[in-house]
Peer 1: 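Questions regarding the structure given below will be posed in turn.
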Amino acid sequence: MSRTRIKICGLTRPEDVRAAVEAGADAIGFVFYPPSPRHVDVERAAELAALLPPFVTAVGLFVNADEAYVRQVLARVPLQLLQFHGDEDESECARYGRPWIKAARMRAGVDLVEFAASHPGARGILLDAFVDGYGGGGKVFDWSLIPHGFARPLVLSGGLAPDNVAEAVRRVRPWAVDVSSGVEAAKGIKDARLITAFIAGVRNADG
Ligand SMILES: O=C(O)c1ccccc1NCC(=O)[C@H](O)[C@H](O)COP(=O)(O)O
């Protein structure tokens with residue numbers, strides 16, 4: 001059984017990037033969404049992404065961003081993966097010629113199979129609770145909404161934390177987990193101890 005990959009999202013400080021890398025994160029998410037308290041501007045993101053060693057993926061997160069802005073970010077920040085967290089359709093996600101994942105809002109009645117089919121180019125589907133219309137809300141959704149035997153790589157997200165991630169991994173067996181609020185001292189300010197505890201919880205569940 002392959003180990004569960006781990007994305008730590010919404011980093012804004014060099015010390016937090018270093019802590020997440022040291023703790024064993026596989027991916028670091030940078031939020032390019034100005035209304036978010038975790039938003040980073042292009043220059044700060046370039047500085048933070050430059051801290052990443054080989055084999056740690058820089059993920060750029062967008063919410064219904066206009067094409068010019070995404071291209072401005074891509075010109076300056078070495079992102080290996082794009083994450084679209086709004087209502088973007090396949091063509092809006094695929095136009096950049098970069099690997100990308102699409103966030104799905106998990107709620108009663110969601111048809112995840114149909115959602116994935118409408119985004120055939122997605123490298124994975126990120127499952128999130130969405131709070132107040134977007135992510136980073138620290139809210140767990142009902143994991144039983146996830147169909148068994150889902151064929152696409154799933155990134156489990158939404159309200160994960162050191163005290164629930166092991167259960168989440170054991171129940172869902174996702175390709176990866178993603179966390180923001182659950183490893184923070186304040187929005188956008190990560191806590192190295194919580195990051196370490198979160199990653200230990202994943203490793204524990206992986207066995
Ligand atoms: O993190 C944000 O502030 C954010 C803002 C707007 C859209 C998406 C956002 N985050 C997306 C992520 O990938 C988060 O890690 C995910 O929503 C989980 O967040 P949390 O429930 O706080 O762990």
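When a ligand or atom number is given, it counts from 1 through the structure's own listing order.
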Peer 1: Using a 6.0 Å cut-off, check whether atom CZ of R170 has over 12 heavy atoms from anything other than its own residue.
Peer 2: yes

Peer 1: Heavy-atom contacts under 4.0 Å between S180 and ligand 1: side chain, backbone, both, or neither?
Peer 2: both

Peer 1: With a 4.0 Å cut-off on heavy atoms, is E184 in contact with ligand 1?
Peer 2: no

Peer 1: Does any N or O in the side chain of R152 come within less than 3.5 Å of the main-chain N or O of A116, such that one atom is a donor and the other an acceptor?
Peer 2: yes

Peer 1: I need the atoms of ligand 1 closer than 4.0 Å to a non-hydrogen atom of S157, numbered in the order shown.
Peer 2: 16 (C), 18 (C)

Peer 1: With respect to G182, determine whether any N or O atom, backbone or side chain, lies less than 3.5 Å from an N or O atom of ligand 1.
Peer 2: no

Peer 1: Side chain or backbone, does G159 bring an N or O within less than 3.5 Å of an N or O on ligand 1?
Peer 2: yes

Peer 1: Any atoms of ligand 1 less than 4.0 Å from a non-hydrogen atom of K7? List them with their elements.
Peer 2: 13 (O)

Peer 1: Is any N or O atom of D178, backbone or side chain, closer than 3.5 Å to an N or O atom of ligand 1?
Peer 2: yes

Peer 1: Taking 4.0 angstrom as the limit and counting only heavy atoms of V63, give me the atoms of ligand 1 inside it, by number and element.
Peer 2: 6 (C), 7 (C)

Peer 1: Are any of the N or O atoms of Y33 closer than 3.5 Å to those of ligand 1?
Peer 2: no

Peer 1: Examine the proximity of ligand 1 to K187 and report which part, side chain or backbone, both or neither, has a heavy atom under 4.0 Å away.
Peer 2: neither

Peer 1: How far apart are the closest heavy atoms of G136 and S181, and which atoms are they?
Peer 2: O-OG, 3.3 Å

Peer 1: Ignoring angles and geometry beyond distance, decide whether G136 reaches within less than 3.5 Å of ligand 1 through its nitrogen or oxygen atoms.
Peer 2: yes

